[in-house]
Amino acid sequence: MPQEEKTTVAGDGQNHDVHNEDRYDAQRIEGKWFERWQQDSSLYAAEPHSTRQKYYVLEMLPYPSGALHMGHVRNYAIGDALARYMWMNGYNVLHPMGWDSFGLPAENAAIQNNTPPREWTLRNITAMKAQMKRLGFGYDWSREVTTCLPEYYRWNQWFFIKLFEKGLAYRKKSRVNWCPKCCTVLANEQVVNGRCWRHEDTLVEQRELEQWFLRITNYAEELLRDLDRLPGWPEKVRTMQRNWIGRSEGTLVDFKLDGAADPATSTITVFTTRVDTIFGATSLQLAPQHPLVARLTKNNDLLRAEVERLIAEQRKAREVGDIGEIEKHGVNTGRYAVNPYNGERVPIWVANYILMDYGTGAIMSVPAHDERDYDFAKKYKIEIRLVILPKVDDPEETVVEPRLPFTTIQGNLVNSGPFSGMDCEAAIRAMSAHAEKNGFGKATVTYRLKDWGISRQRYWGTPIPMLYCEKDGIVAVSEKDLPVILPENVDITLTGGSPLSRVPEFVNATCPKCGGPARRETDTMDTFVDSSWYFYRYTDACNDRAPFDREKAGYWFGDRGIDQYIGGVEHAILHLIYSRFWTKFMRDMGLIGNDEPVEHLFTQGMIIKSGAKMSKSLGNVVSPDDMVERYGGDSTRMYTLFATSPDRELDWQDEGVEGIQRFLSRVYRFIKQNVKTEDPGWHASSPAKLNEQARRVQRKLHQTIKRVTDDFQGRWHFNTCISAIMELLNEAGRWVLGSPSFRNPATGVVVEGYDIPIGLLAEVQRTLALLLAPFAPYLAHELWEMLGEKGGLLRAPWPKYDPALAKEEEIEIPVQVNGKLRGRILVAADASENVMRENALADAKVQSALAGKQVMKVIIVPAKLVNIVVR
RNA sequence: GCCGGGAUGGCGGAAUUGGCAGACGCGUUGGACUUAGGAUCCAAUGCCCAAAAGGCGUGCAGGUUCAAAUCCUGUUCCCGGCACCA
């Protein structure tokens, strides 16, 4: 930018140089409107009560890391364009923003810079908010939510107590994921390939700890079922959630340990989806961590060592991530279990491919009818017994032995006692019922989804509002004592458990039940608790008596939730499953009327540069500040919408931003140099009176409005919207932008070759400002003012198109001979097939291509093409 | 292994219902204006051929069709998700 100004000043005005005041100066324009928008805090405010229809558009709130990255800009550019479009279409729009501001980075930064987490976080928020404002995103800041402030997190605590009272929050000792870098426990959802979601290089350890859990599994069935009622969500996200919930129907079957001393502890329960194959079970396989294994190896060091090896192999397999490649190993315990269906004794093995955290941690092994069991049995020479035969269509056909393993469910039972001859599916039902009747099992459903562990051994989070009283045990803090304030000036060095446990003033409390001394819970909540319900808080952000007012949330959420939610697909499981759970819980509490938080979800694509995700280590990070400084906020955000459609991966190219800046600069000059007042004699609905040149401009104008409007309503391909606007300018500005003499507005409209009515010109200019408003709000506002428009652009009505004016009168039709392009004809848009045929056959180029050939057939697609088939 | 998404000029990408492949932008080349141009404007720009005519061309190999980037079969590669899930 600086070089350009320098050189422009040298221009004398007689040549094609653009005058300084005529030039698009993004910094000047954006600075001017930035100041104005600062003055008017109610500009983007949603109306609490309105006769207009509500529209809630939301982008996922950011973590205040200190600076926006391009992914944020892209996310917010999409949301802001939509919000502005909806405003202009007369909706009462809620478009808020907030900060997911608890979490580990603040603590790490605190240790590094010796700055308290609160100070570091609030400073980052200030900086990022300034960036957002500089980019011109229109948020209702009066509803800003900052999750690390007591005004917000007290309601986390309030919800936690409600969950506890309903039995949905509970404490349990279990094996949990521990990230040694975070020095805290992680939820299952936060472990990716055995690694921490924040530290890709760090393997998660398993630790036996007592933790708080939320009973999300109570809602597993509904969370799964309602995915079918979310047609506004990407199929990809719904599939991911389905996989994550991992529903599996099957049967629990109790095997008895043969020769057990104590019959009470001698049951081994297996889970199977194929109980119909149980007569083919020739061994039991236990997970190496199975409690029975510990007992069986108690006095057998050799076996113990083998089991330890299996555990190590399993852990390694999980760490590597390429589990399919890991070889199956097992060890025979030498003990037997009794199959309750036939009384048969089967050997008990321990195997490295059995997972303790799925099903019961024990399986029956049916080598003939399961891929893995088959491999295992081959390796260890365990009997392979066929109990299912394939169904044959023709009963006369001889039954052939299937190739093993035969795993499909299309078959009939053999060698299965009283169940022989049954069809597999019927057998599963009958055999489950049999087990239940005889008290050794039942049909059941298991889920991969586990309860949500929310305890974190960290400082910068919501204190869990629980107390431990010697007399009364676990007691919730009374509501009147909320919030439990997170103390400041805490030593947060990473060693030695929860930092809060080292603050006696915090730990020592009074039991609300007995008034005696009690110890406070010193773990804090997973930050995903904060983001599970934050979007309800926006509807009533300052409420100090409740998380939000029922009616206000009811107005904005309606029956179906947030109208449009936009964010990265990386939250497909984590945030989006937790917040669905929270919504269902709040509904059951009677706080809200909707079953789901989000009606329409949009997941935008990643931004990459030079073929890789932007990262500091690769040095391919593009800073939004840098772009804003070089090209302006409008160009930066508009480029993120122009480069590709918003759902796809975006390959960043600085030159592309420059291209957008060039386009905006052309728009600016097109209007700046030609500001005209309305022509009173101009009537838009008179295409017949226009010359061809003007008619082309008018047609393009209406076509462009249609394209942009349709895209907002439908497929959101803003890249093609923007290119349509570019085409409009190319058409309307063709004679103007290249003409030096036209630069003097006092001489009137007409330049050589330029002959369109002032009224049409004015209409194009006005429409350009309106169409650009969602994408480049700063410039659009400037243009609006330049055009002398009164009233805010934000709520100016979105332009309407006239289909009759958008229509082509005459079109060029390709003529093919045997499918190859041989000529073109010009016909009326509504030309009959006969006219098209005659014109096509009469075309000179077509004629020469037809010479000496015999016309077999002429295919005519009205208004599209003619294809002449010859021989 | 399973489930998604993708592969189109030098680059990012268009082509909405099977109907002119390459819109729009970038880059490049030439020109205009200029003391100058990294500003602006104009023009050209898929590949082959000196040009024209023509031919070729949407990852690859086939197929259906008057007509295929688009539909079908097979196949390769890339990206994302899930994965010893019993």
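Here is how names work: the chains are called A, B, and so on, in the same order as the sequence lines, proteins then strands, and each is numbered from 1. Values in this document were obtained by computation on a predicted structure and should not be read as measured data.
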- Item | Ser645(A) side chain near A14(B) phosphate (N/O to OP1/OP2, under 4.0 Å) | yes
- Any donor-acceptor pair under 3.5 Å from Gln241(A) side chain to Ala572(A) backbone: yes
- Query: Which base sits across from U75(B) as a Watson-Crick or G-U pair, both distances under 3.5 Å?
  - Reply: G59(B)
- d(CD, Gln285(A); P, A86(B)) in whole Å: 16 Å
- Message: Can you see if the side chain of Asn719(A) gets near the phosphate of A14(B) - specifically, an N or O under 4.0 Å from OP1 or OP2?
- Response: yes
- Query: Under 4.0 Å: is that the gap between some side-chain N or O of Lys820(A) and OP1 or OP2 of G57(B)?
  - Reply: no
- Would you mind classifying the nucleic acid contact of Arg871(A) as base, sugar-phosphate or nothing, using non-hydrogen atoms under 4.0 angstrom? nothing
- Query: For G81(B), does the O4'-C1'-N9-C4 (purine) or O4'-C1'-N1-C2 (pyrimidine) torsion place it in syn, i.e. within 90° of 0, or in anti?
  - Reply: anti
- Query: Can a donor-acceptor pair be found between the side chains of Asn352(A) and Arg309(A) at a distance below 3.5 Å?
  - Reply: no
- Query: Where the side chain of Asn243(A) is defined as all heavy atoms beyond and including C-beta, which of A86(B), C82(B), U40(B) is the nearest nucleotide?
  - Reply: C82(B)
- Find the distance between CG (Leu292(A)) and CD1 (Ile348(A)) and round it off to the nearest 0.5 Å. 6.0 Å
- Item | Whole-Å C1' distance, G62(B) and A44(B) | 39 Å
- Task: Verify the contact: side-chain N or O of Arg666(A) to OP1 or OP2 of C41(B), cut-off strictly under 4.0 Å; return yes or no.
- Result: yes
- Paired with U40(B) by Watson-Crick or G-U wobble geometry, both distances under 3.5 Å: which nucleotide is it? A32(B)
- Task: Would you confirm whether Asn867(A), through its side chain, and Gly819(A), through its main-chain N or O, come within 3.5 Å as a donor-acceptor pair?
- Result: yes
- Task: Report yes if a side-chain nitrogen or oxygen of Arg662(A) is closer than 4.0 Å to either non-bridging phosphate oxygen (OP1 or OP2) of C26(B); otherwise report no.
- Result: yes
- Between Thr720(A) and Gly656(A), which is nearer to the 5' end of RNA chain B once each is assigned its nearest nucleotide? Thr720(A)
- Item | Between A67(B) and C42(B) - C1' atom distance, rounded Å | 38 Å
- Item | A15(B) versus A23(B) - spacing of their C1' atoms, nearest Å | 8 Å
- Task: Look at the aromatic rings of Phe602(A) and Trp716(A) and report parallel, tilted or perpendicular, splitting at 30° and 60°.
- Result: tilted
- OP1 or OP2 of C3(B) sitting under 4.0 Å from any side-chain N/O of Arg242(A)? no
- Query: Looking at Arg715(A), does any N or O in its side chain come under 4.0 Å of the phosphate oxygens OP1/OP2 on A15(B)?
  - Reply: yes
What protein N or O atoms touch nucleotides 18-21 of chain B N or O atoms at under 3.5 angstrom, if any, and at what distances?
{"unit_1": "C20(B)", "atom_1": "O2", "unit_2": "Arg824(A)", "atom_2": "NH1", "d": "2.2"}
{"unit_1": "C20(B)", "atom_1": "O2", "unit_2": "Arg824(A)", "atom_2": "NH2", "d": "3.2"}
{"unit_1": "C20(B)", "atom_1": "N3", "unit_2": "Arg824(A)", "atom_2": "NH1", "d": "3.2"}

- Item | Between P of A15(B) and NE2 of His717(A), the distance in whole Å | 7 Å
- Pairwise side-chain contact, Val253(A) with Ile278(A), heavy-atom cut-off 4.5 Å (strictly under): yes
- Query: In the structure shown, which nucleotide is the Watson-Crick or G-U wobble counterpart of G27(B), with both distances under 3.5 Å?
  - Reply: U45(B)
